[in-house]
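Lettering follows sequence order; numbering is per chain, from 1. These numbers come from a predicted model, not from an experiment.
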Amino acid sequence: MHGIQLLVALTFLFGPVVPPPSDDPAAQSRRGKELMAAGRYAEAVPVYRALTAALPGNAGLLLNLGMALHMAGEDEAALAPLHAALAVQPSLRPASLFLGAANLRLGRPDAAIPPLQKAVRLGPTDKDARSMLAEALVALGRYADAEPHLRRLARLAPADPAAWLNLGNAYEELAGQALADMRERHPESPFTLALAAEAFAKRDQPTAAFHLYRKAMEGKPVIRGLHAAVAAIYRGAGHPDWAAVEARKALLLPGADCARERLECAFLARDYHAVVAAAARAEGPEARYWSARAYGELGAQAFARVAALPASAVWHERMAEVRRNERRYSESAGHWKKAIALDPEDPRLRMELAVTLRQNRDFAGAQAALDELLAAAPDAADVNYLAGDVLLARDDPTRAIPFLEKAVRLEPDAPQAHGALGRAYALVGRAEDAILHLKQALPADVDGSLRYQLARSYQSAGRAEDARLALQDYEGFRKSARAGAMPGDEAAITPPQ
Amino acid sequence: MRWALLAVTILFQDVAPEAGIDFVHENAATPRKHLIETMPGGVAAFDFDGDGRLDIFFTNGAAIPSLAKDAPKYANRLYRNMGGMRYTDVTDAAGLRGAGYSMAAAVADYDNDGDPDLFVGGVHRQILYRNDNGRFEDVTARAGVGSAEWVVGAAWFDYDNDGRLDLLSVNYTTWTPAFDRFCGDSARGIRVYCHPRWFAPVPLSLHRNRGDGTFEDVSARSGIGRFKGRGMGIALADYDQDGLTDVYVANDKLPSFLFHNRSGGVFEETGLLAGVSLPEHGQEISAMGADFRDYDNDGRPDLNVTALAGEGYPLFRNLGKGLFEDVTLRARLSPLVASRSGWSNAFVDFDNDGWKDLFTANSHVNDAIERFEQTAYALPNSVFRNLGDGTFGDVSGPAGLSSGPPRAHRGAAFADFDADGRVDVVVTSLQAPAELWANRSADGGHWLAVRLIGSRSNRDGIGAVVTISARSDPRWSRQWNHMTTAVGYASSTLAPVHFGTGAARVLDTVEVRWPSGTVQVLRDVEADQVITVRETPSIAGARARTGGKSEAAAATRGPSAGSRRPCSR
């Protein structure tokens with residue numbers, strides 16, 4: 001919010017001068033300016049309330065009151081004076097900006113968008129307004145609308161890694177939306193299958209990708225690029241000979257006819273924005289296919305820009321998430337640590353580090369990270385839960401219990417916390433306490449283990465009939481879970497046809 | 001107090017090189033990561049030539065994809081015990097070079113002729129060897145126990161108490177070399193052995209001994225064939241003390257099985273109800289090895305299962321009435337094993353103090369695990385000393401098990417190879433030399449080994465429960481053990497039943513409860529010897545009491561009082 005603070009300062013240096021009908025309002029006005037300039041926003045609020053009461057309908061004073069309230073954290077109260085200011089002076093850009101900011105902070109992105117759009121129109125080079133507008137649009141999943149703003153922000157601040165990261169994320173989302181749309185509207189189209197295959201390949205599921213590529217090629221053999229993708233899969237699976245066969249097939253395909261296949265030609269020419277624009281005007285799965293692929297490439301380009309910049313916390317954060325999704329936990333933890341070194345004030349990064357260390361089975365490391373978090377935020381439910389979970393993983397249920405009890409107190413509707421607490425109670429022999437919490441944890445039971453624990457706790461408590469019924473429930477649950485998942489259904493990667 | 005209890009009393013020394021054991025397991029590892037490569041390693045300990053000394057048989061791999069032992073390095077190997085911890089390779093003379101990709105070994109005298117026979121299970125090929133005076137003959141076809149299954153374990157036991165040993169084979173899954181799914185991280189080019197979920201569960205196989213050298217497949221009739229799993233370790237015990245041997249099968253990433261032996265040759269699967277299918281947290285684990293033995297001297301056999309790092313080695317205490325409780329944490333085992341992965345395991349009283357300790361042969365299953373998480377692949381073995389109060393302490397380091405390099409350990413057999421009254425351990429490792437851990441624990445505890453010769457019961461006495469009692473050791477008054485050759489992952493040991501007796505130089509009673517129902521009681525038996533107990537041909541159920549020292553000495557001792565014969569657990 002540095003930009004907004006600067007705006008506040010400038011507003012009060014060069015802002016509208018209140019014509020004093022008497023010394024009193026002028027003195028108050030000066031006082032208000034001094035307080036705002038000094039960052040004492042809460043103290044400025046009553047000053048501006050008095051002024052707006054004395055001089056109703058004054059757009060400047062209403063703006064000042066709205067700003068003071070927003071900066072003091074009273075966003076709900078800020079709305080009325082800001083709306084009133086705009087009613088008097090619709091072109092008052094700061095009012096639009098602060099109205100948007102207040103709504104955003106209140107978690108109302110839909111209400112934030114109109115005033116922020118206006119603020120951007122009135123001040124196209126204002127990064128803050130555009131950034132907030134993009135944030136509001138992204139919050140509503142309107143990535144297509146956010147994209148031009150994010151692109152502009154990246155151009156305005158090419159050295160800002162967050163700008164490129166946000167742009168890259170938006171492109172990834174747009175690619176994902178395109179695929180989801182194709183799955184819904186054209187589920188059997190070879191283009192949909194090809195796109196789904198690419199998604200599996202990126203998630204390191206080559207066997208699934210292979211079969212989808214095969215199916216796509218059966219439906220439409222001339223989709224260029226698929227043979228190369230299959231060749232890459234063959235190479236990764238240790239079959240260079242098969243890869244060579246597939247590569248030869250790719251060479252035998254005719255080149256794109258740019259008179260008819262404009263989207264593909266634009267894609268091959270790497271004019272991805274043109275592909276997206278043209279695809280938006282076209283119908284059918286092929287257009288969606290090229291649009292999705294173009295978004296994917298644009299995303300890759302944006303992330304490459306971030307990688308080319310000096311190391312930043314946001315970049316390491318992204319890499320940490322990517323590596324974690326790839327189950328490369330050690331590397332992920334390394335990136336979280338680097339992100340923390342660059343942005344030590346963000347507790348969110350430490351929490352992510354703790355989670356990753358836990359996944360890496362580095363329980364001592366996770367515990368150390370959590371100790372720091374607990375010192376700073378002893379009443380954070382998620383931190384207490386993870387602290388208890390790690391202690392449970394270290395076979396120390398006695399020490400885990402206080403953390404888990406606190407987590408449950410802070411967030412009574414968190415089934416995972418109830419599950420962990422139930423297990424801890426069971427381990428220390430408190431069967432009846434365990435039962436209470438395990439029952440509340442059942443909505444989070446993904447593999448039947450909580451049902452099993454409940455059955456064992458009933459057994460320990462001497463409730464044999466309840467144990468029998470809980471065990472039946474467990475067996476039924478497992479049977480359903482296994483029903484659709486037959487091992488070996490997905491065949492191996494087979495030779496070229 | 002706990003530190004005092006953990007003072008070094010157990011000590012091992014790897015003497016394989018000087019003993020002449022030069023076996024290296026060749027698993028034919030390939031870049032394709034065929035699952036069978038990470039699963040073999042069975043070993044057996046038994047006296048194949050009747051000279052009173054325990055010999056060692058190693059199973060070995062084969063070329064992939066042919067699954068043929070097309071080079072000498074793939075031969076199974078038999079080492080004859082020459083005495084004084086010296087061994088010599090007699091594989092060819094014995095006729096045990098083998099064929100195919102061998103995995104498991106199971107030893108027992110199935111034809112009750114006094115010569116221990118050998119079943120070798122493997123990938124799509126099983127071999128039953130009949131031992132005739134130290135020379136082995138492949139009688140698989142005649143016996144009718146061949147199959148195209150992938151067998152990772154096997155056990156001999158008399159499931160119907162007819163005096164003849166039957167054969168239970170543990171099948172893992174269906175697999176062929178054509179299975180070529182890529183598992184791992186293709187971005188980094190790391191291929192790993194595929195997760196078990198990609199392999200279909202299959203049933204076990206039970207073959208009933210007809211007594212004429214042939215077997216009949218009773219898998220379906222017995223009820224065992226109804227249940228499909230990914231079987232790994234197998235352990236046998238009469239957990240409910242009804243006179244019928246029950247079966248525990250550890251399943252890989254599926255609930256494990258407890259087959260309760262009901263009369264009439266029928267089994268019911270009762271693992272979940274009994275509480276031994278899953279650890280307390282209810283999640284399926286990669287269960288590997290299993291041992292079924294009374295660790296807390298309360299008369300009921302308990303269960304320990306090995307698994308992978310993070311999954312624990314669950315310890316299930318037998319509560320009686322068909323129920324077990326996961327006491328891994330209470331036994332203080334949980335934190336000790338949290339970062340370990342194990343295969344073979346066994347409850348053995350290594351320091352002869354009257355309490356069975358726990359040995360585990362350790363390694364992860366995925367040789368690239370270190371590239372994914374903070375877990376080690378190759379590991380040293382572990383020994384956890386039973387403190388006699390329901391808890392265990394880790395004495396692996398002081399016991400000398402970390403003296404060598406960490407390895408990919410798999411099979412293990414437990415026997416007194418040097419006949420000094422202390423149980424030793426032989427352990428196999430993938431692509432590494434076998435280890436022969438001579439038990440050098442300080443003298444302090446007395447011992448007794450009970451060799452059984454059945455007459456109405458099977459000759460090996462498999463299934464017999466042996467109970468000893470003494471008043472002269474304050475730390476224990478009664479102990480229970482039973483005769484089984486199914487111990488260790490894919491492994492087997494045929495040797496006398498071993499007890500550590502601590503301070504007790506004389507056992508008040510030694511009771512043998514035979515599978516036939518016969519009960520024999522010996523009194524005032526001196527410790528520090530191997531005694532031979534022959535099943536008396538009495539009326540079933542009658543107690544053959546031999547009261548008094550003189551009767552015990554005359555009727556049941558081995559060739560010479562105080563002689564030291566090889567013993568097992």
Report which part of [X] has an atom under 4.5 Å of a heavy atom belonging to chain B: side chain, backbone, both, or neither.
{"X": "A:R456", "answer": "side chain"}
{"X": "A:F210", "answer": "neither"}
{"X": "A:L427", "answer": "both"}
{"X": "A:R451", "answer": "neither"}

Which one, [options], leads in non-hydrogen pairs under 4.5 Å with chain A?
{"options": "B:R188, B:E325, B:R191", "answer": "B:R188"}
{"options": "B:G310, B:S277, B:G189, B:C183", "answer": "B:G310"}
{"options": "B:H281, B:R330, B:E373, B:Q283", "answer": "B:H281"}
{"options": "B:G275, B:G312, B:A338", "answer": "B:G275"}

Between [X] and chain A, with a heavy-atom cut-off of 4.5 Å, which part of the residue counts as in contact: side chain, backbone, both or neither?
{"X": "B:L273", "result": "both"}
{"X": "B:R32", "result": "side chain"}
{"X": "B:L329", "result": "side chain"}
{"X": "B:T173", "result": "neither"}
{"X": "B:P335", "result": "both"}

- [ ] Name the orientation class of the two ring planes belonging to B:Y239 and B:F324 (parallel below 30°, tilted from 30 to 60°, perpendicular beyond 60°).
- [x] tilted
- [ ] Please state whether the rings of B:F227 and B:F259 are parallel, tilted or perpendicular, taking 30° and 60° as the class boundaries.
- [x] perpendicular
Task: Under 3.5 Å: donor-acceptor pair, side chain of A:D362, backbone of B:Q374 - done: no
- [ ] Could you tell me whether the side chain of A:D241 and the main chain of A:V245 form a donor-acceptor pair under 3.5 Å?
- [x] no
Task: Positive for ring pair (Phe, Tyr, Trp, His ring centres under 6.0 Å) with A:Y452, one of A:Y458, A:Y474, A:F477 - done: A:Y474
Open item on the list: Give me each pair satisfying salt bridge (charged side-chain N to carboxylate O under 4.0 Å, His left out) with a member in residues 302-314 of chain B, each pair once, sequence neighbours excluded.
Closed with: B:K253-B:E311
Task: Electrostatic pair B:D298-B:R300, nearest N-O below 4.0 angstrom - done: yes
Open item on the list: With a 4.0 Å cut-off on N to O distance, would you call A:E465 and A:R468 a salt bridge?
Closed with: yes
Under 3.5 Å, which donor-acceptor pairs link side chains of residues 416-424 of chain A to any protein atom two or more places apart or in another chain?
from   : atom 1 : to     : atom 2 : distance (Å)
A:H418 : ND1    : A:H437 : ND1    : 2.9
A:H418 : NE2    : A:P412 : O      : 2.8
A:R423 : NE     : B:E280 : OE1    : 3.0
A:R423 : NE     : B:E280 : OE2    : 3.2
A:R423 : NH2    : B:E280 : OE2    : 2.6

